[in-house]
Amino acid sequence: MARPILLVKSGGEAAMPEWQGLFAEMAPGVEVRWWDDPAVDPAAVRYVLVWDPEPGRLAKLPNLRVIFGSGAGVDFIASDPDLPRHVPLVRMATPGAAQRMGEFVTWAVLSLLKGARRIGIAQSERRWDYFEPELTAPETTIGIMGLGHMGEAAARMLQGIGFPVIGWSRTRKDLPGVRSFVGEAERDAFLAATRILVCLLPATPETRHILAAPLLGRLPMGAGLINVGRGSQQRVEDILAALDSGRLSGAVLDVFEQEPLPADHPAWAHPKLLVTPHLASLPPRSERAAHVARLIAAHERGEALPNTYDHSRGY
Ligand code: NAP
Ligand code: GLV
């Protein structure tokens, strides 16, 4: 009997030999084929592993059982107006992804605290720019917007090196040592208590352009900003204006509405902004394949799938 097909669109066609090798070892019961392989019968496709499928394409797979998002955020899949809503959409929530995000956020926080952008500029100009970073970790409250899989890991790591951490989410959290703020009603109090703001929210209509002038104006003067959520959550022009006015003392942006960020974008050259190319947390293919292989086996045994996208919440 022919094996069910897992169709893959993650990392481009060039990544296929690696995916095929990994799944041959970890899920030999499925046949792994490239997304645009013309020889694939759509009716034979049982699983897909994708980051950004073309709208309408998933609806053309009549026997699709599970959609595996190749990232933690599945907004580029969920935005498909023809998404087959009866098919579970699984977010890539591996322990390694949370570990990597915690490390990245910790690096970004310490970079702001220690003036990494200023140091980098001076070095590129061979200039001995001596200065004394003002604050230490215990004096710097980190406010994390989004206390989910990623936000919680970042909170734990930051606490581990002495940062007080507070968090903002849709529902109340009970994380050791992390004061929990909830919803619109508690947002301003959360922002007022935050010295460095970290955005780890999913892309939803509610979070679109949340990182804009009105919110930035609620932070203490000279606060720092880190966005590792999605580019759709920020207005870059407002962030640049806040950096110019001193409302923000520094920022790290890992995500942008247009990726790659165009070479002529003013964000590249701002002396208080660190731009990173959407690399905060992506586990290696081996880890993602192992996760998907485990979940395929669980699904075939009739078990419930974890971390599925909730259409009513939008994440
Ligand atoms: P998650 O576990 O679903 O957590 C999302 C958090 O956001 C939850 O705490 C949720 O609150 C909160 N939230 C959602 N909507 C909200 C709203 N309107 N107001 C207040 N809080 C809200 O997701 P995750 O796995 O941590 O990932 C978060 C996001 O990080 C992803 O969606 C993706 O966009 C981004 N990401 C980026 C990278 C990168 O490399 N830059 C890598 C991975 C992920 P509740 O807990 O109350 O539901
Ligand atoms: C990356 O941005 C992810 O959502 O995993």
Side-chain angles (χ1 to χ4, degrees), residues 71-73 91-121 123 131-169 173-181 190-191 193-202 210-211 216 219-220 222-231 233-234 239 243 248-256 267 270 272-284 287-288:
R91 304 177 301 168
M92 187 67 67
T94 65
Q99 171 74 21
R100 284 180 174 76
M101 182 57 84
E103 291 172 4
F104 184 91
V105 169
T106 303
W107 166 81
V109 163
L110 288 171
S111 295
L112 292 180
L113 200 67
K114 301 298 175 196
R117 178 74 172 125
R118 177 172 171 175
I119 293 166
I121 291 171
Q123 181 174 352
F131 67 101
E132 290 172 4
E134 192 192 327
L135 297 172
T136 60
E139 299 166 304
T140 309
T141 297
I142 312 301
I144 304 182
M145 303 181 90
L147 273 183
H149 187 61
M150 303 284 163
E152 185 179 340
R156 263 191 275 105
M157 270 191 217
L158 290 164
Q159 283 178 315
I161 49 172
F163 287 98
V165 179
I166 59 177
W168 184 71
S169 45
K173 302 290 166 200
D174 185 17
L175 303 178
V178 179
R179 187 166 164 211
S180 164
F181 294 79
F190 162 78
L191 294 169
T194 291
R195 182 77 205 181
I196 296 180
L197 182 67
V198 178
C199 179
L200 267 168
L201 292 166
I210 191 170
L211 303 175
L216 300 176
L219 290 167
L225 172 70
I226 296 163
N227 187 13
V228 272
R230 282 287 183 265
Q233 291 156 353
Q234 72 205 7
I239 293 170
L243 289 167
L248 288 177
S249 56
V252 180
L253 302 181
D254 182 55
V255 284
F256 294 88
H270 199 286
K272 294 181 182 170
L273 175 61
L274 270 168
V275 170
T276 55
H278 199 147
L279 47 62
S281 167
L282 188 64
E287 186 177 322
R288 288 181 286 156

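Starting from 1, each residue takes its place in the sequence as its number. Worth saying up front: this structure is predicted, and the values here are computed from it rather than measured.
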What heavy-atom pair brings [X] and [Y] nearest, and what distance separates the two atoms?
{"X": "Gly224", "Y": "Leu112", "value": "CA-CD1, 4.1 Å"}
{"X": "Leu200", "Y": "Ala154", "value": "CD1-CB, 4.3 Å"}
{"X": "Ser111", "Y": "Leu274", "value": "CB-CD1, 3.9 Å"}
{"X": "Leu279", "Y": "Thr276", "value": "CD1-CB, 4.2 Å"}
{"X": "Gly222", "Y": "Ser249", "value": "O-OG, 2.7 Å"}
{"X": "Gln99", "Y": "Met157", "value": "O-CE, 3.3 Å"}

Can you confirm whether [X] sits close enough to [Y] that some side-chain heavy atom of one is under 4.5 Å from a side-chain heavy atom of the other?
{"X": "Arg117", "Y": "Lys272", "result": "no"}
{"X": "Leu197", "Y": "Phe190", "result": "yes"}
{"X": "Glu152", "Y": "Leu175", "result": "yes"}
{"X": "Leu225", "Y": "Leu219", "result": "no"}
{"X": "Leu201", "Y": "Trp168", "result": "yes"}
{"X": "Phe163", "Y": "Leu110", "result": "yes"}
{"X": "Leu158", "Y": "Ile144", "result": "yes"}
{"X": "Val228", "Y": "Met150", "result": "no"}

Is it the case that over 12 heavy atoms from other parts of the model lie below 6.0 angstrom from the CZ atom of Arg118? yes
Might you confirm whether atom CD of Glu139 has over 12 heavy atoms from other residues, nucleotides or ligands at distances under 6.0 Å? yes
Residues that [X] engages under side chain to side chain donor-acceptor pair (under 3.5 Å), provided they are two or more places apart:
{"X": "Gln123", "result": "none"}
{"X": "Arg91", "result": "none"}
{"X": "Thr106", "result": "none"}

Between atom CG of Leu243 and atom CG of Leu216, what is the distance when rounded to the nearest 0.5 Å?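 One gets 9.0 Å once the value is rounded to the nearest 0.5 Å.
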I need the Asn227 CG to Gln233 CD distance, nearest 0.5 Å.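 Reported to 0.5 Å precision, the distance equals 5.5 Å.
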Can a donor-acceptor pair be found, under 3.5 Å and without considering hydrogens, that links the side chain of [X] to the backbone of [Y]?
{"X": "Glu287", "Y": "Leu282", "value": "no"}
{"X": "Gln234", "Y": "Ile239", "value": "no"}
{"X": "Ser281", "Y": "Arg100", "value": "no"}
{"X": "His149", "Y": "Thr94", "value": "yes"}

